[in-house]
Colleague: 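What follows is a single structure, and I will ask about it in a moment.
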Amino acid sequence: MKMTLPEDWNPLLSEEFQKDYMHSLQHFLASQKQACKIFPDEEDYFAALSATPFNSVKVVILGQDPYHGEGQAHGLSFSVKPGVKVPPSLVNMYKELEADLNISPANHGYLQEWAEQGVLLLNSVLTVEAHKAGSHQNKGWETFTDKIIELINERHQGVVFLLWGAYAQKKGRKIDREKHCVLESVHPSPLSAYRGFFGCQHFSKANTYLEKEGKTPIKWPLKDVDMKALSTENEQIGFSF
């Protein structure tokens, strides 16, 4: 199988595809595709990079694995496409947004608007076997996404890293705190959100820091989607979640 990087990321990451770990990963994914279903679709493996060009990165929200349910994962951490039920962690992110910035929850979980403003929604692992959480961990993706973080850390100044949960915090331990803003809390999962995610005010703190750095703050409110029109469109093309 051949994986194609977005144009602006390609010169930064192309050497990774010559390394043994990536060859092993590609062989693994090719065999998995023959044996089972993988999420997200192959064209969405690098959707986070496509949506947020390297030179546009202002905020990084680090996730762990793609969603493993049907129709959920589309390449952006924490995000699902319009029409898909908003996952519990994202519901809690919306609750914190409302408490922090008085932003009402969107009627969908599609975070593309954030990505297009410079919020890199990056999972540590970019694929998963259907209905098997964590099934593609330790196959090589972590090394690849470590490289992405390393590049941002070294070549950018004043990026906000939102590290929620022990996994994200461990992955971000090499980020230069003198050059960047690192905000940490427990994960927004229902299992942990009440232990410090709620009340963390990371969304407003991120914007305060960006403004201090002379950067345009993120417009966190998401436009609502016309669900009735979306439902009609999906019926017409025989598509449903």
Colleague: Below 4.5 Å, heavy atoms only, C-beta onward: do Leu13 and Lys147 meet side chain to side chain?
Modeller: yes
Colleague: Would you say that Gln169 contacts Leu62 through its side chain, given a criterion of any heavy-atom pair below 4.5 Å between the two side chains?
Modeller: no
Colleague: List the steps, then state whether side-chain hydrogen bond (donor to acceptor under 3.5 Å, both in side chains) holds for Asn123 with Ser77.
Modeller: CA-CA 5 Å; Asn123 279 317; Ser77 63; 4.6 Å; no
Colleague: I'd like to know whether OH of Tyr194 has more than 12 heavy-atom contacts from other residues, nucleotides or ligands below 6.0 angstrom.
Modeller: no
Colleague: Is the number of heavy atoms from other residues, nucleotides or ligands within 6.0 Å of NZ (Lys219) greater than 12?
Modeller: no
Colleague: For residues Thr127 and Lys139, is any side-chain donor paired with an opposing acceptor at under 3.5 Å?
Modeller: no
Colleague: Would Lys19 and Glu16 pass as an ion pair if we require N to O under 4.0 Å?
Modeller: yes
Colleague: Answer with yes or no whether the hydrophobic clustering places Phe39 together with Leu49; edges join I, L, V, M, F, W, Y residues whose side-chain heavy atoms lie under 4.5 Å apart.
Modeller: no
Colleague: Could you check if a side-chain atom of Val225 sits within less than 4.5 angstrom of a side-chain atom of Tyr110, using non-hydrogen atoms only?
Modeller: no
Colleague: For Glu7, I'd like to know if atom CD has over 12 heavy atoms of other residues, nucleotides or ligands within 6.0 Å.
Modeller: no
Colleague: Considering the options Ile152, Leu210, Ile175, which one meets the side-chain contact (heavy atoms from CB on, under 4.5 Å) requirement together with Val159?
Modeller: Ile152
Colleague: Met22 versus Gln18: any side-chain heavy-atom pair under 4.5 Å?
Modeller: no
Colleague: Determine whether Trp114 and Leu222 satisfy the following criterion, side chain to side chain contact (heavy atoms under 4.5 Å, CB included), listing intermediate values before the conclusion.
Modeller: CA-CA 8 Å; Trp114 292 0; Leu222 298 166; 3.4 Å; yes
Colleague: Would you call Ile38 and Glu129 a side-chain contact if the rule is heavy atoms closer than 4.5 Å?
Modeller: no
Colleague: Excluding sequence neighbours, so at least two apart, what forms side chain to side chain contact (heavy atoms under 4.5 Å, CB included) with Gln64?
Modeller: Gln137, Tyr167
Colleague: Please find the pair of heavy atoms, one from His187 and one from Phe197, that lie closest to each other, and give the distance.
Modeller: O-CB, 4.1 Å
Colleague: Determine, using ring centers only, whether His23 and Phe17 are less than 6.0 Å apart.
Modeller: no
Colleague: Just verifying a value: how many Å separate Lys81 NZ and Gln72 CD, rounded to the nearest 0.5 Å?
Modeller: 13.5 Å
Colleague: Measure centre to centre between the rings of Tyr67 and His74, then say whether the value is under 6.0 Å.
Modeller: no
Colleague: Do you know which two heavy atoms are closest between Gly75 and Ala47, and how far apart they sit?
Modeller: CA-CB, 3.9 Å
Colleague: Roughly how far, to the nearest 0.5 Å, is the CZ atom of Phe203 from the CG atom of Leu101?
Modeller: 8.5 Å
Colleague: Taking Glu113 first and then Lys223, would you say they form a salt bridge - that is, a charged N and a carboxylate O separated by under 4.0 Å?
Modeller: yes
Colleague: State whether Lys171 and Glu142 are salt-bridged, where the test is any N-O pair (Lys NZ or Arg NE/NH1/NH2 against Asp/Glu carboxylate O) under 4.0 Å.
Modeller: no
Colleague: Please tell me whether Phe78 and Val119 are part of a single hydrophobic cluster in this structure, the criterion being side-chain heavy atoms less than 4.5 Å apart.
Modeller: yes
Colleague: Kindly state whether the ring of Tyr45 and the ring of Phe144 have centres lying under 6.0 angstrom apart.
Modeller: no
Colleague: Mind checking what makes side chain to side chain contact (heavy atoms under 4.5 Å, CB included) contact with Asp224, not counting sequence neighbours?
Modeller: Ala106, Asn107
